[in-house]
4 protein chains.
Amino acid sequence: MPREVRTRQMLDAAVEVFARCGYRTASMDEIAELAGASKPLVYLYLNSKEELFSACVRREAEALIAAVRSAVDPGAPADRRLWNGLRAFFAHTAAHPDGWALLHCQARTYGEPFALEVARLRQQLVDVVTDLIARTAREGAEQECALPEREIAGLAHALVGAAESLAGWADSRSCEAAGRTGAPPSEQEAAGTLMNLAWAGLGNLMNGRRWAPARS
Amino acid sequence: MPREVRTRQMLDAAVEVFARCGYRTASMDEIAELAGASKPLVYLYLNSKEELFSACVRREAEALIAAVRSAVDPGAPADRRLWNGLRAFFAHTAAHPDGWALLHCQARTYGEPFALEVARLRQQLVDVVTDLIARTAREGAEQECALPEREIAGLAHALVGAAESLAGWADSRSCEAAGRTGAPPSEQEAAGTLMNLAWAGLGNLMNGRRWAPARS
Amino acid sequence: MPREVRTRQMLDAAVEVFARCGYRTASMDEIAELAGASKPLVYLYLNSKEELFSACVRREAEALIAAVRSAVDPGAPADRRLWNGLRAFFAHTAAHPDGWALLHCQARTYGEPFALEVARLRQQLVDVVTDLIARTAREGAEQECALPEREIAGLAHALVGAAESLAGWADSRSCEAAGRTGAPPSEQEAAGTLMNLAWAGLGNLMNGRRWAPARS
Amino acid sequence: MPREVRTRQMLDAAVEVFARCGYRTASMDEIAELAGASKPLVYLYLNSKEELFSACVRREAEALIAAVRSAVDPGAPADRRLWNGLRAFFAHTAAHPDGWALLHCQARTYGEPFALEVARLRQQLVDVVTDLIARTAREGAEQECALPEREIAGLAHALVGAAESLAGWADSRSCEAAGRTGAPPSEQEAAGTLMNLAWAGLGNLMNGRRWAPARS
DNA sequence: AATGAATGAGATTTCATTCAT
DNA sequence: AATGAATGAAATCTCATTCAT
């Protein structure tokens with residue numbers, strides 16, 4: 001069996017096991033077995049547990065970012081682009097729950113040696129969203145009312161977080177765990193909720209309709 | 001030294017170590033040492049690593065929820081209540097970064113035996129927010145336009161996720177890791193961004209100003 | 001069982017196993033078993049295989065050097081001092097064949113991380129011998145004929161090597177291995193052979209009776 | 001590439017790696033890579049790590065013994081023969097430091113399966129020297145004073161050991177390790193030191209000028 | 001109330017070695 | 001003549017956990 005194929009199998013297995021168990025709890029034995037190969041072969045091709053995990057994270061993150069990017073038609077109007085990006089995000093995370101779990105749940109531990117890399121990848125996602133928002137704001141501005149960069153960054157972080165949370169909501173595993181009932185939301189629903197939030201927020205902000213605490 | 005005091009010391013130490021290293025990587029040796037007690041004593045008081053971790057999560061989650069709840073004056077107007085809740089959330093997470101790291105970063109692993117409990121605690125937080133939103137919506141509705149429960153739940157999830165993300169943004173550790181520059185946002189800023197988002201979104205939804213994809 | 005006693009047992013076992021198998025071949029399992037303790041305890045007390053080996057080498061080297069040093073009566077005449085030193089050397093190596101094997105056979109591999117330390121310890125032995133020779137030469141000089149330092153160092157190296165070789169000769173294990181027959185030499189014999197060599201060599205050198213190649 | 005050439009390349013590589021790392025630490029991967037061949041080929045030609053090591057030791061030992069033997073002109077006078085043998089020994093070990101390291105440092109481990117063979121090869125070297133000394137003694141005896149065989153064997157062992165030690169002294173690697181300073185001795189110097197020692201020792205012994213401990 | 005001493009079980013990783021081609 | 005692919009076995013080391021005091 002050619003090396004490339006084997007490597008992919010191993011990554012697939014590793015993503016699944018890491019998503020299920022977490023980095024430390026996952027054992028190389030289990031990964032190797034699931035990949036249908038022997039442990040030494042896993043080491044031969046992927047060097048160490050750490051590198052294997054890194055490779056998984058990188059692959060999944062790149063796939064997610066690529067999915068979002070390619071869904072965004074550069075010629076479309078601003079709102080359409082944001083909408084498509086969101087739908088692609090929810091579609092991809094729903095289609096690849098293990099990869100998503102890896103990125104969202106497992107890869108955040110500070111103190112692990114790959115934390116830095118993971119943080120950078122998440123930042124990439126935020127950057128993509130920041131671009132989307134900035135263009136949306138620019139094109140959609142009814143009047144000359146540029147949002148400060150800092151505010152846009154905040155919005156992007158908030159949106160990414162909201163999207164992550166909604167994606168998690170849609171994940172049946174977390175449903176069971178939390179004891180929630182009722183069907184999880186569809187991608188359309190999740191994207192819709194978020195789109196409305198973003199659209200309304202952007203609109204208000206751009207038009208100066210801010211909420212401010214009443215003087216006490 | 002009385003048992004209560006010792007126990008608190010142990011939990012403090014455990015939260016710090018768990019936050020820094022994660023559940024699996026943290027070692028009971030380190031925790032015991034940091035707590036200034038011997039390992040057998042830790043076991044005598046807290047039974048096992050798992051129970052110790054659970055106790056940490058429970059304590060920190062309850063503290064966070066209590067902080068948010070107590071900041072919400074039941075007699076205040078709807079927007080004020082949401083605003084105060086958000087500020088309390090950001091204030092608390094900023095004041096207790098280890099506890100927050102525990103809840104946000106470490107405690108998400110599916111597959112660990114305490115995952116269930118952790119998910120339930122997060123659900124409590126979502127429930128608090130859901131209540132806030134529901135009441136805000138009810139009171140703030142300019143016209144009779146009840147939002148469906150399902151949509152409110154979605155909003156709550158989105159808001160909690162956005163808040164988490166903004167709280168993470170404000171955490172200097174993740175800043176360094178992601179290579180971001182510029183000062184992290186203050187609690188006021190974070191709360192403001194989120195409040196605007198929520199307020200605008202709620203307002204639009206309640207008034208039927210929804211964004212919908214153009215027919216293609 | 002108190003820590004000190006256990007530690008000594010472990011070192012004893014380690015010296016035996018390392019001497020028998022060499023550093024790499026020896027297994028911590030075997031050492032722990034021979035020491036009558038569990039492996040984790042060995043690690044708790046001695047940290048790592050490398051440190052364990054270092055500790056063995058240090059202990060044995062110090063014991064050997066101490067044995068030689070304490071046998072040398074500072075008030076005795078020069079030849080007597082050398083003689084006593086040699087006898088002590090052969091007596092000690094014969095009495096502690098494992099320790100000797102460790103120093104002589106196992107601890108020389110360049111490339112191992114402890115090679116440096118071992119080389120330094122051997123140098124100590126050479127230094128002791130150099131002192132002995134230097135004083136012998138000074139006191140025993142029939143006429144004013146100081147040997148150059150460099151020559152003395154050479155002699156010391158040669159003597160130490162010769163002693164090592166004779167000590168190895170006396171070791172029954174190497175006898176079997178080499179297929180030699182006949183009883184191995186006693187300490188007295190070995191010391192005598194070496195003493196004569198050293199004494200004659202020194203005498204000749206000091207009196208200028210050197211061997212030089214005939215002009216060809 | 002013909003088999004013979006390849007085999008030599010492999011042995012060259014193996015000697016280098018074994019000398020650098022020791023038998024156990026050396027890896028077949030490294031040897032194969034350095035030899036520029038694939039691992040299965042190494043196994044095809046040399047069967048196993050053990051046989052490979054044996055082959056290396058045999059080759060190097062035979063080369064050393066041959067060098068010494070061929071330097072000894074059977075017709076020359078006794079002292080001249082010893083002198084030439086010694087010079088050849090130091091010249092060869094200096095010219096082939098890896099081979100020498102293999103014989104002197106790596107190949108002494110009792111407990112490895114080739115220990116027996118290695119010991120026999122060293123014994124051959126001792127035998128060569130024993131012959132040299134025996135003939136020297138016979139020819140050089142000023143009076144009828146045959147040295148007992150046992151004493152000659154002792155001398156031979158001592159001389160070989162001394163030579164080994166001096167050769168080691170001359171090896172720059174051990175110099176660095178021991179922290180010694182000053183230029184290492186040349187072959188001439190080493191051979192001279194040893195020749196004087198041997199010559200004087202032999203002379204004294206044959207003439208009955210022995211050192212004996214004073215009655216106490 | 002508190003601990004020094006001790007361990008069973010399991011983790012990652014390495015390596016000599018062999019097929020199938 | 002030569003090799004890419006693959007592995008069984010064993011190494012070092014760690015850790016949560018428990019006695020005996």
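Residue numbering restarts at 1 for every chain, and letters A, B, ... go by the order of the sequence lines.
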Around atom CD of B:Glu51, are there more than 12 heavy atoms of other residues, nucleotides or ligands at under 6.0 Å? yes

Quickly work out the A:Leu46 CG to E:dT12 P distance and round it to whole Å. 14 Å

List the steps, then state whether side-chain contact (heavy atoms from CB on, under 4.5 Å) holds for D:Leu52 with D:Tyr45. CA-CA 9 Å; D:Leu52 174 56; D:Tyr45 288 172; over 6 Å; no

side-chain contact (heavy atoms from CB on, under 4.5 Å) between B:Tyr43 and B:Asn47, intermediate numbers included: CA-CA 4 Å; B:Tyr43 277 89; B:Asn47 298 322; over 6 Å; no

Quick check on the helix from E:dA2-F:dT21 to E:dT21-F:dA2: what's the angle between its two end axes, five base pairs per end, to the nearest 10°? 30°

Measure from CG on D:Asp29 to P on E:dT13 and round the result to the nearest Å. 17 Å

Gap between atoms CE and C1', on B:Met28 and F:dT17 respectively (whole Å): 9 Å

What is the distance from CG of D:Leu52 to C1' of E:dT17, rounded to the nearest Å? 14 Å

Find which nucleotide of DNA chain E each of D:Ser48 and A:Ala26 is nearest to by heavy atoms, and output the residue with the more 5' nucleotide. A:Ala26

For the pair made of CZ in D:Phe53 and P in E:dA16, what is the distance, rounded to whole Å? 13 Å

B:Trp100 ring center within less than 6.0 Å of B:His96 ring center: no

So what does B:Ala32 hit on the nucleic acid, given a heavy-atom distance under 4.0 Å: a base, only sugar-phosphate, or nothing? nothing

Assess the residue pair D:Ile31 and D:Phe18 against the criterion (side-chain contact (heavy atoms from CB on, under 4.5 Å)); give the C-alpha distance rounded to whole Å, side-chain angles, the decisive distance to 0.1 Å, and a yes or no. CA-CA 9 Å; D:Ile31 292 171; D:Phe18 281 137; 3.9 Å; yes

What one-letter contact string describes nucleotides 3-8 of chain E from 5' to 3', where B marks a base within less than 4.0 Å of any protein heavy atom, S marks contact via sugar-phosphate atoms alone, and - marks no contact? BBSBBB

Within the side chain of C:Lys49, is there an N or O that forms a donor-acceptor pair under 3.5 Å with the backbone of C:Ala26? yes

Whole-Å distance separating the CG atom of A:Asn47 from the C1' atom of E:dT14: 13 Å

A:Arg20 versus A:Val17: any side-chain heavy-atom pair under 4.5 Å? yes

Nucleotide E:dT14, atom P - distance to NZ of D:Lys49 in whole Å: 15 Å

side-chain contact (heavy atoms from CB on, under 4.5 Å) for D:Arg8 and D:Arg3? Distances and angles first, verdict last. CA-CA 9 Å; D:Arg8 187 161 54 248; D:Arg3 175 163 181 158; over 6 Å; no

Distance in angstrom units between A:Tyr43 OH and F:dA11 P, rounded: 17 Å

Kindly write out the residues that satisfy side-chain hydrogen bond (donor to acceptor under 3.5 Å, both in side chains) with D:Arg58, not counting sequence neighbours, or none if the list is empty. D:Glu117

